[in-house]
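All chains are named by letter (A, B, ...) in the order of the sequence lines, taking the proteins before the strands, and each is independently numbered beginning at 1. Every value quoted in this text rests on a predicted model; they were computed, and no experiment measured them.
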Amino acid sequence: MLYHLIEQQLHAALRQILPDAATAAVLVRPCADPNFGDYQTNALMALAKARKMNPRQLAADVVAKLDVREWCEPVEIAGAGFLNFRLRPAAVTAALRTARAAGHPFVARAASPRTVVVDFSSPNVAKPMHVGHIRSTILGDCLARTLRLLGHRVITDNHLGDWGTQFGKLLIGWKRHLDTAALRRDAIAEMERLYKLVNAASEADPAVLEAARQELVRLQAGDAENLAIWREMIALSQTQFDTIYARLGVKFDQTLGESFYNPRLRAVVAELVAKGIARESDGAQVVFFDDLPELKAHPTIVQKSDGGFNYTTTDLATLAYRLETWSPDEIIYVTDGRQQLHFRQVFAAFGRWQSAIPKLAHVWFGSILGEDGRPFKTRSGDTIKLADLLDEAEERALRVVSEKNPDLPPAGQREIARIVGLGAVKYQDLLPNRQSDYVFSWDKMLALSGNTAPYLQYAATRIQSIFRKGDIQNPEFGIQDSELSAAEELKLAKHLLNFGLVVEAVAEEYRPNYLCNYLYELAGHFTAFYEHCPVLKAGGADRARRLALCDLTGRVLRQGLGLLGIETPERM
RNA sequence: GCGCCCGUAGCUCAGUUGGAUAGAGCAUCUGCCUUCUAAGCAGAGGGUCCCGCGUUCGAGUCGCGGCGGGCGCGCCA
């Protein structure tokens, strides 16, 4: 990648001037304003400041030692000490030629691949998946795909909520009120009905609450009947999850729910106690963090006073299992922001328990708010089911498709509507900064114009259309030494070069919105090119080169959308 | 009370080690389909980046203090 080569040369030059400088912080980034050039570095100013040097003088000294003639016009020193690099067109065409031969154009595989566990989605058994599950699922899937493209070994794990106190109420409901016909029709809806029924009843009648507690105790003690019912509830739920995941194109390498770790919990606590990490307090076993100021006031319980375990215990057992099973370099948790304190506690406790721990990342996202700006209530009944959201998305897309393409056969229209509708939902979810709360709105979630997936898909289909119209199957076109004659070609080409930079940033900061914005800009550059530069009607070298640009743009768009988990139709 | 996050155009939001003249989409307005798909393109208007002080050559970004909102804080997950 050109920016990387420039960066390396810059580091070499800097070492000649300041041998002890930390070059890792000296980055070459795309210019904020193309008027300044293609790439810039601002780090010399910071470096000069730290050493009380004259920044412009330092810049001049470094430039004197810097040799980037192969790729750049003469380097400019601007303002307080910016270095601006402008690519030579010949270097751009050379980079495009290299990319056309590459399996994944403009993306460099990681020099040292790492093993990364990604924990995401984690829906609860016996409950419908609702809009609240979409962010974790889509975000986690995107991060997994991104890390894989960069050459890392990724293990995705769906940590199902398949154990816990809710099963007491569910068991009561199953035994007393089960409607088997309704269960056959829609198992999740029936289980949800049972839960709500018993939940309401236990609020009114303490005897029901006590009965539910007893059922839970029997389940935990291994009662055969309760275990059988519990297993059936899991199996029925898994069918629903599988349907949703198939629709979303999300795959898991592992589905190890909370219950998988039950047999390990006692030993975890025993070890924590033996090592003096946990101690008894008010009848419970508790881990205190007296030496950590931010957690001093927030101890965490690993065994309740009634002897039961909780999610901190389960999460610690899960970490230990992952460590011994896969020896990961990193474990990523994708959950909402309300669990920040919990994960700080788990990570801190785990750090005391185990000597060598991998990088632990809690990738959190904001809450979903209702249209009124109030938090979305999960228990109040007006939760929007994920399946309904996806249905609505496909229906809205179908209306547009049938209007725009009335001549396509219905099955073709539905397939396009499926890809466009699901793409719109996913993109809308990945576009905002993940840490912002978002206000749920049908219109916003399902928008099909502007900065949306359909815009990107549309650009990709226009490219496909060119190849169809030109009847170009095995393209023998290529980029000769001819110049990129139009300004739009050069802009498009230069933007393509930065794809890998963005993919790496997504993986490093766990922020797919960087990729969304990059692809939106790419599609914008392509559209400008498309409006101004005829491809099929151009002749000779222009035509060949523009076809090559179309091909590369199409590949990057499809690859980028693929990282977001979004498909691209042939036409739309 | 303590902690985390947020406050940027009418609305929804971006804003990459602090960096150059703060950007999109939607909405509004003006043009563009006889040329590879108008789900598009070109252009216009629209800003006290919540307020104040500070650090800095330079602050939407960092620090401190306010104001407003969301979330969390030992036996749910």
Legend entry - Below 4.0 Å: OP1/OP2 of A77(B) and any side-chain N or O of Asn124(A): no
Inset, instruction - Report yes if the ring of Phe82(A) lies under 5.5 Å from the six-membered base ring of G19(B) with planes under 30°, and no otherwise. - result: no
Inset, instruction - Using a 4.0 Å heavy-atom cut-off across all strands, classify Asn84(A) as base, sugar-phosphate, or nothing. - result: base
Legend entry - Interatomic distance, Arg511(A) CZ vs C13(B) C1' [rounded to whole Å]: 14 Å
Legend entry - Closest to the Ser305(A) side chain, choosing from U37(B), C75(B), A39(B): C75(B)
Inset, instruction - Keeping the roles fixed (side chain from His133(A), backbone from Met129(A)), state whether a donor-acceptor pair exists under 3.5 Å. - result: no
Inset, instruction - Could you tell me whether the side chain of Asp336(A) has a donor or acceptor atom within less than 3.5 Å of a complementary atom in the base of A77(B)? - result: no
Inset, instruction - Please list all pairs passing the salt bridge (Lys or Arg N to Asp or Glu O under 4.0 Å) test where one or both residues lie in residues 293-307 of chain A, with sequence neighbours left out. - result: none
Inset, instruction - Take Gln413(A) and Arg418(A) through the side chain to side chain donor-acceptor pair (under 3.5 Å) test and state the conclusion after the steps. - result: CA-CA 9 Å; Gln413(A) 289 184 0; Arg418(A) 182 186 70 78; over 6 Å; no
Legend entry - Side chain Lys49(A) and base G18(B) donor-acceptor under 3.5 Å: yes
Inset, instruction - Taking only the side-chain heavy atoms of Asp282(A) (C-beta and beyond), determine which of G19(B), C75(B), A39(B) contains the nearest atom. - result: C75(B)
Inset, instruction - Could you tell me whether Thr527(A) contacts a base, only the sugar-phosphate backbone, or nothing, with contacts defined as non-hydrogen atoms closer than 4.0 Å? - result: sugar-phosphate
Legend entry - Contact state string [nucleotides 27-36 of chain B, B base, S sugar-phosphate only, - no protein heavy atom under 4.0 Å]: --------SB
Inset, instruction - Say whether Asn513(A) and Arg434(A), considering side chains only, have a donor N or O and an acceptor N or O under 3.5 Å apart. - result: no
Inset, instruction - Find which nucleotide of RNA chain B each of Tyr514(A) and Arg344(A) is nearest to by heavy atoms, and output the residue with the more 5' nucleotide. - result: Arg344(A)
Inset, instruction - Could you work out which one of C26(B), C4(B), C71(B) sits closest to the side chain of Gln340(A)? - result: C4(B)
Inset, instruction - Please tell me which of Ile416(A) and Asn310(A) maps to the more 5' nucleotide of RNA chain B, matching each residue to the nucleotide holding its nearest heavy atom. - result: Ile416(A)
Inset, instruction - May I ask you to evaluate whether Tyr455(A) reaches the phosphate of C41(B), defined as a side-chain N or O under 4.0 Å from OP1 or OP2? - result: yes
Inset, instruction - Taking only the side-chain heavy atoms of Ala284(A) (C-beta and beyond), determine which of C75(B), U17(B), A14(B) contains the nearest atom. - result: C75(B)
Legend entry - Exercise: do Ser121(A) and Ser136(A) side chains pair donor with acceptor under 3.5 Å: no
Inset, instruction - Taking the six-membered ring for Trp and the full ring for Phe, Tyr or His, determine whether the centres of Tyr333(A) and Tyr510(A) are under 6.0 Å apart. - result: no
Inset, instruction - Say whether Tyr427(A) and Asn451(A), considering side chains only, have a donor N or O and an acceptor N or O under 3.5 Å apart. - result: yes
Legend entry - Any Tyr311(A) side-chain N or O less than 4.0 Å from OP1/OP2 of A77(B): no
Inset, instruction - Verify the contact: side-chain N or O of Asn513(A) to OP1 or OP2 of U16(B), cut-off strictly under 4.0 Å; return yes or no. - result: no
Inset, instruction - Go through the side-chain N and O atoms of Gln457(A) and Thr461(A) and say whether any donor and acceptor fall under 3.5 Å apart. - result: no
Legend entry - Atom-to-atom span, CG of Leu58(A) to P of C57(B) - whole angstrom: 16 Å
Inset, instruction - Would you kindly check whether a donor in the side chain of Lys404(A) faces an acceptor in the base of G40(B), or vice versa, at under 3.5 angstrom? - result: no
Inset, instruction - To the nearest Å, give me how far apart CG (Leu44(A)) and C1' (A20(B)) are. - result: 16 Å
Legend entry - N or O in side chain of Lys304(A) less than 4.0 angstrom from C76(B) OP1/OP2: yes
Inset, instruction - Name the nucleic acid region contacted by Thr452(A), choosing base, sugar-phosphate or nothing; use a 4.0 angstrom heavy-atom cut-off, strictly under. - result: nothing
Inset, instruction - With the side chain of Ala25(A) defined as its heavy atoms from C-beta on, choose the nearest nucleotide among U17(B), A20(B), A39(B). - result: U17(B)
